[in-house]
Structures are given as C-alpha cells and as structure tokens.
Engineer: 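Would you mind keeping the following structure in view while I ask a few things?
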There are 2 protein chains.
Amino acid sequence: MTTIYDIAKLANVSPMTVSRVINNTGKIKDSTKQRVEHIINELGYIPNSAARSLISKKTKLLSLILTDITNPFFTKVARGAEDKAMELGYQILLSNSDEDPVKEAAYIDMVLSTRVDGVLITPTGDDTVNELNRLTKHQIPAVLLDREIKNFSGDAVIGDSYEGSRKLVEHLISLGHNRIALINGPAAISTARERHRGYVETMESSGFPIVNNYISNINYKTDNTQNIIQTLFSLPENERPTAIFAANNFIAVRTIQALDSFGFRVPNDVAVVCFDEIGPIDNFNPFLTVATQPAYEFGQIGIQLLIDRIEKEGAHQPNKIVLPPKIIIRQSSVTNVD
Amino acid sequence: MTTIYDIAKLANVSPMTVSRVINNTGKIKDSTKQRVEHIINELGYIPNSAARSLISKKTKLLSLILTDITNPFFTKVARGAEDKAMELGYQILLSNSDEDPVKEAAYIDMVLSTRVDGVLITPTGDDTVNELNRLTKHQIPAVLLDREIKNFSGDAVIGDSYEGSRKLVEHLISLGHNRIALINGPAAISTARERHRGYVETMESSGFPIVNNYISNINYKTDNTQNIIQTLFSLPENERPTAIFAANNFIAVRTIQALDSFGFRVPNDVAVVCFDEIGPIDNFNPFLTVATQPAYEFGQIGIQLLIDRIEKEGAHQPNKIVLPPKIIIRQSSVTNVD
DNA sequence: ATGAAAGCGCTAACAG
DNA sequence: CTGTTAGCGCTTTCAT
C-alpha cells in the first residue's frame, strides 16, 4: 500500500508537503505541486481514511437504520438517503432492525464502534430512547425518521399520520361505510398512535360509534392477520366491518391475503385502504387505495438534517419536518375506478 | 471519548492489559480481568475501529454496488447481503450506480479510500473490468453479482439467464405465439447477451424465423419504450408481434405503460413476459408472467463468497455460482389463470 | 501474567 | 513555501 511517505520520497519533498498537496491546504510552489500530483497519479495513491479518521474524529460515514428495506416505503427512503449522502460526500451504512429492539441495539453497538458521524433511524418504538441516549452520550447526532419518540427531542422527518388517517377514513365514510375496522401497528410507535387518533376523531366527528372490537394492534411487519380477520368476520353479518383501514402497506397485504383465505373479496365484500404503496412503481399496481408518503424526500431531508447537525457549529433548535401524505383512490375501495 | 488509557489508569494496569482483556488474548489474571471489564462497562467504552483498522488493515466494511436498490430484485439482494454480512460481523456500504459507468467509477474511488475489505458489485457493463482491475491492484477482493464480465475471471453469483429465457419463450410459443418481440438490455451486459441467446435459440429450434426488427436493446433502467412500441405496432397487423419478451422487470413495466398509451391491452392484444418480479411481495401482484430469480440468495451467497475470499488464506480457484430461475405464469400472458 | 516501546498513516502546530 | 515533531488509539513485539 502506498503512503504519503512513498510519494514524498519519490518527489523529494517531506510527507507534509504531500499532505498539503492532497488536501489543497497551505501554499505550495506550483512546480512542486505538479510533481507531487504526477507521482500520486502514477502510483494510484489514495489516502487512508482510517488514518485520517483517527485524527479528525470524522469518518464521513452515516448509519441508516430502517426496520426493513424490503418495504417499498423504506426502499425509497434509502434511495433518497443514499443520493443525498453521496451528493454531500458521505457514505451510508445500511441496517435493518426488523422492528426488533434487540437487533436495533446490536446495530447501535456497531455504529458506536464504527464511529459513524451520524445516524438516521426509524426507531422500533418508544423504548429506542435508551439507544438514542447512548448515541448522545458518545456525541453522535441522530435524526428520527418516520417515527417520533416519547421523551426524546431532536431532529425528525415524519409524515402527517393523523391527517392521512383522517382522509382515508373520510374517504371510506363518503362511500357509505361506517363499520370500519382499524388494524393498527403497536401503540409504542408514534405513527400507530397518530393513525389511531385520526381514525377515532374522524369516526366521532361523523357521528359513528367507536367499536372496540374493530380496533387491533399488531406488529407492522411480522404478525399475521388471520385471527383478527377470523374474529371480525365471525360476527353476525350486520355487525361485521364493511371496510378495513390497515395502518401500513404490509398489514394491508396480509389483510387481503387473510380475507382471501376466508373467501372474502376486495373490494366487493370488504373495502381496504392503507398507508404507503406496496410496490416501487407508483401508479403501476392500480389496486390499493393508499395514503402515500413522499418516501424519497424522507430520506433526502433526513440526511440533510443529519449532515447539518454534524457540520454546523453550535446546538441549534431541534428541527422537525412534517411531510404531508397524498390520498390515491384505487380499486381496493371502489369498484368503478381505473 | 474514553480510550484504553483511561481504562488503564482507573484499573491500575497498563493499556496493554486492557487491550488484552478486550480482545481476549494472552493470559490475564482473573481478578484483573474482572476489574478491567467492570470499568469498561461503567464507562461504556467502545474500541475505536479507525485505530484498529490502521494496524490490522481491515475495516469489517463491505461495499455493495447495485444499479438501483429501488428495483425489487436488488432490494432483496441487498437484504440478503445485509443479513449475511451482519451474521458474519461485517457492515455494508450501499451504492447505486444507476447503470452509469461514471457514477460507478466514483463509487470505486470512495470504496478505495474507505479501504473496505471487499466489494460485491453488479457491474454496469463489460467496461467495468477497468474498475475491477483498480480494486485488484489495491488487493481488494470483488465478487460479481448478477452479471459476468468479459476479460475478468473471479468469483460470481449469477442467474441462468439463458435457461430462463428459453422457458419464457417456450411458454409463449406453447400459447401459440410465434411473432415474439424481444426488448432487451444493452449487449455490453452479460444477462442481456444470454437472454438474447435463449430467445434466438428457442425460436430457431421451434422453426420460427428471427425477425431483426423484433429485437431491440435499451438501457435496463432508464430508456423508455415508446418508440419501440410505436415502430412495432405501426407494422401491418399480420406482421405485428403478438407477444413481447421484456428482458427485465423495469423494461416490462415501461413496455406495458407504452402499450397502454397506444391503446393496446395486456394480455388481450399482446402478451408480455419478463425476468424478475415487479414488487417485493411474491404472489401478491398476480399480473406479470415472470422468470423470477432467488434474489435474496444472490445477496447472501455473494457476501459469503466475498468473505470467504477475504478471510481464507491462499488464492483458491474462482467460484462461480449459478442460481436457476423459476417461471411463474400469470395473467400478462394468459387470460384464464388465477 | 503484565509492561514498555514502537509504529500503523496521517495531519496540527510550530519552526524556519 | 517547506520541514520537523508529536500524537490520534490501538496492537505487535519484545522484555520482565
């Protein structure tokens, strides 16, 4: 491996001069500069970032901790994050927590030993506050993505789950539904709380009762919905829900599959709506009615906030960016739509 | 930031003893070990990997260079790669080349300066051989993913594009099609060459002519298919293709969109088949007939090969793993299928 | 079983 | 404009 010492020797200068040429600092005679640069190119020399990090305490590495990149929402987040990071000279370390606090903690360990400059994270739940505190203790800035956390104030990029929720429920109500079930994420996750709030308030303001049996909480990514669907549809026909609000795309898919397994068709027997698209290509799967969120921007803005926090001196106020959802009406809720 | 010196001072030992405790090397008296470990936990000390890398010349970092993680095939590859890497104690740096050799080269630069231990890469084309040679020059192992490269022999995980291609075309022929168009990727990419070969040989062995106008090459990810579709369907009705073999999922989507814009319906007017799923959830979008590839395994195996190469002493023979595709028949080619 | 010295590759601080 | 010295945090080597 060639080092600045090799270059220095060949160029008859000190290593320090080589360093100056590489970093474009200080004043170097043009001829020396040329000579050094020529040798650098000749040998294909590339600075060792470990050595640099040791001094600068910066790695130009960021950690992106998502629950699962396989979820199209997070796929696009990752793409936005990567693009912005690259643009600003950083690289991204990817991790999937799978909604599992144990995996999440293990990743924070790695993050800490890799000494990344910052972390953009979708926390698994409110308890993630402990991991965030570990980061803070080591002065590693973190930005929350998609989910806020109780007892933690810091930068965040989130969607407007309350608003999206209201609009989805209003849409269902406008179609004549009033027995609407909510299959939600865990109450320890802010998006689930907000979607619940949107659901409840919209139902109430439309004068419909909140039926507790209609509301359930499951894991956003793993739990299946068989039991829930079975229970809901064992009710007498005039008490069954006519529509289901699935809190996210994965829950929606599992819900539709469960419905299918019991012989119920969407939307003929039941209408289904949810948050976020189920595929990477917008408007290509013309099936699910969704509250879609600008995932790519989540990633971009998240990284931008993070890098601002890293590079800008002084502790400025926490920045909270709220990105609005967009309702797209498709066949899973109405039959007569393209 | 706490260092082994801080620990050493508090434990009344030398830094070397602390290092030994951390790495579990040498013989340490149990009592000293306990004492040191206690203080380590107390302070929440975590070793600085930059310092370690400087000595060991290892970073425990791998680079994953894909064309676009937004493509569900690569999304799953990334997931498989990340899982396997984590399991083996490595972290993954994610990059998207967007099929652009310039971006690809820029990423290789970063890779080189970050001193990753290895690279798993989907090359943009045969010219990527130059970038791979740069890696080799710096003794950084690389494993090819999904695509092989002319004039480069090394480890690779690829699919059987020829076989998948044959089966897709055979499927179309069995449905009575013989005017089948191929919208392929660039000839500089091995998968495109193999898919072309599978198409040509299957057509010929079935006694059908190869119509040159039916074959076109475009970028896997960016070029649109408007012109191609327009040209094909300006032909007299009895010369138009009745089926289209799109070489990958993204081309298929753009093809269907283009067909749609000209008022042609799939599969009623034209059958469409392609490689790889268009969504992350298998069997949920019951539309496209595809040759699907085990993307998750691509990632897992790729990382496994890479780490073997990194950790196993001695230069063993290049390892080439070929993963078979699976044909899934859906509505884009036949109307009477679930 | 433990420690001291040296050095990995680079740059900040100071000298000239 | 260029060089010298020291040290980032850790581990290897050699002593004890």
Side-chain angles (χ1 to χ4, degrees), chain A residues 1-40 43-61 110-117 138-140, chain B residues 1-40 43-61 110-117 138-140:
Chain A
M1 193 84 309
T2 56
T3 73
I4 49 171
Y5 283 82
D6 304 323
I7 313 277
K9 213 166 293 173
L10 289 172
N12 275 312
V13 293
S14 78
M16 200 50 226
T17 301
V18 178
S19 172
R20 289 195 179 98
V21 170
I22 292 164
N23 297 291
N24 222 336
T25 53
K27 262 115 204 13
I28 311 281
K29 208 202 300 172
D30 236 29
S31 64
T32 346
K33 189 171 173 179
Q34 309 275 300
R35 191 153 34 96
V36 171
E37 276 173 343
H38 181 248
I39 296 173
I40 286 177
L43 300 193
Y45 164 84
I46 294 192
N48 180 324
S49 21
R52 282 179 161 176
S53 296
L54 200 52
I55 301 168
S56 69
K57 273 107 175 61
K58 296 284 171 220
T59 54
K60 291 284 178 178
L61 256 29
M110 293 192 100
V111 153
L112 250 20
S113 82
T114 312
R115 298 287 203 274
V116 300
D117 293 345
H138 290 267
Q139 338 237 43
I140 299 182
Chain B
M1 191 85 311
T2 58
T3 72
I4 49 170
Y5 283 84
D6 304 323
I7 314 277
K9 214 165 289 173
L10 290 172
N12 274 313
V13 292
S14 78
M16 201 47 229
T17 302
V18 178
S19 173
R20 289 196 179 95
V21 170
I22 292 163
N23 297 291
N24 221 335
T25 54
K27 262 119 206 11
I28 310 281
K29 210 201 301 173
D30 236 29
S31 63
T32 3
K33 189 171 172 178
Q34 309 276 299
R35 191 155 33 98
V36 171
E37 276 172 345
H38 181 247
I39 295 172
I40 286 176
L43 301 193
Y45 165 82
I46 293 191
N48 180 325
S49 24
R52 284 180 159 176
S53 297
L54 200 52
I55 301 166
S56 69
K57 274 106 177 63
K58 296 284 171 221
T59 53
K60 292 283 178 179
L61 256 29
M110 292 191 100
V111 153
L112 251 19
S113 83
T114 311
R115 297 290 202 271
V116 301
D117 293 345
H138 290 266
Q139 338 237 45
I140 300 182

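Just so it is clear, the structure is predicted and the values come from calculations on it, not from any experiment. Chain letters run A, B, ... following the sequence lines, proteins first, then strands; residues in each count from 1.
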Engineer: For B/Ser14 and A/Ile4, take the nucleotide of DNA chain C holding the closest heavy atom to each; which residue's nucleotide lies nearer the 5' end?
Structural biologist: B/Ser14

Engineer: List in chain and number order the residues that pass side chain to side chain donor-acceptor pair (under 3.5 Å) with B/Thr114, two or more places apart in sequence or in another chain; answer none if no residue qualifies.
Structural biologist: A/Gln91

Engineer: When rounded to the nearest 0.5 angstrom, what distance separates NZ in B/Lys29 from CD in B/Gln34?
Structural biologist: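 B/Lys29 NZ to B/Gln34 CD: 12.0 Å, rounded to 0.5 Å.
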
Engineer: Determine, stepwise, if the pair A/Asn48 / A/Thr3 fulfils side-chain contact (heavy atoms from CB on, under 4.5 Å).
Structural biologist: CA-CA 8 Å; A/Asn48 180 324; A/Thr3 73; over 6 Å; no

Engineer: To the nearest 0.5 angstrom, please state how far the NZ atom of B/Lys9 sits from the CD1 atom of B/Ile39.
Structural biologist: 12.5 Å

Engineer: By a strict heavy-atom criterion of less than 4.0 Å, which residues belonging to residues 18-33 of chain A are in contact with DNA chain D?
Structural biologist: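 A/Arg20, A/Lys27, A/Ile28, A/Lys29, A/Thr32 - these, ordered by number, are the residues of the stretch whose heavy atoms sit under 4.0 Å from the strand.
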
Engineer: To the nearest 0.5 Å, tell me how far B/Leu61 CG sits from B/Ser53 OG.
Structural biologist: 8.0 Å

Engineer: Taking atom CG of B/Asp30 and atom CZ of B/Arg35, what is their separation to the nearest 0.5 Å?
Structural biologist: 12.0 Å

Engineer: Show the numbers, then the answer: is there a side-chain contact (heavy atoms from CB on, under 4.5 Å) between B/Leu10 and B/Leu43?
Structural biologist: CA-CA 10 Å; B/Leu10 290 172; B/Leu43 301 193; 3.8 Å; yes

Engineer: Does anything in residues 45-61 of chain B come within less than 4.0 Å of DNA chain C? Heavy atoms only, and list the residues if so.
Structural biologist: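 The stretch gives B/Leu54, B/Ile55, B/Lys57 as the residues lying under 4.0 Å from the strand, ordered by number.
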
Engineer: Passes side-chain contact (heavy atoms from CB on, under 4.5 Å), A/Val18 versus A/Tyr5? Steps please.
Structural biologist: CA-CA 8 Å; A/Val18 178; A/Tyr5 283 82; over 6 Å; no

Engineer: Angle between the two end axes of the helix from C/dA1-D/dT16 to C/dG16-D/dC1, five base pairs per end, rounded to 10 degrees?
Structural biologist: 40°

Engineer: Output the distance between atom CE (B/Met1) and atom CD1 (B/Ile46), rounded to the nearest 0.5 Å.
Structural biologist: 8.5 Å

Engineer: Grab the two heavy atoms, one from A/Ala50 and one from B/Leu54, that are nearest each other, plus how far apart they are.
Structural biologist: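 Looking at all heavy atoms of both residues, the shortest contact is CB-N, 4.2 Å.
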
Engineer: Measure the spacing between CD1 of A/Ile28 and OG1 of A/Thr17 and express it to the nearest 0.5 Å.
Structural biologist: 5.5 Å

Engineer: Between which nucleotides of DNA chain C, 5' to 3', does chain B make heavy-atom contacts below 4.0 Å?
Structural biologist: C/dA1 to C/dG9

Engineer: With sequence neighbours excluded, what pairs up with A/Arg52 under the side chain to side chain donor-acceptor pair (under 3.5 Å) test?
Structural biologist: A/Asn23

Engineer: Check the distance between D/dG7's P and B/Tyr5's OH and give it to me in whole angstrom.
Structural biologist: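 Atom-to-atom, B/Tyr5 to D/dG7, this comes out as 11 Å.
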
Engineer: Run the numbers on B/Val36 and B/Arg20 for side-chain contact (heavy atoms from CB on, under 4.5 Å), then give the verdict.
Structural biologist: CA-CA 10 Å; B/Val36 171; B/Arg20 289 196 179 95; over 6 Å; no

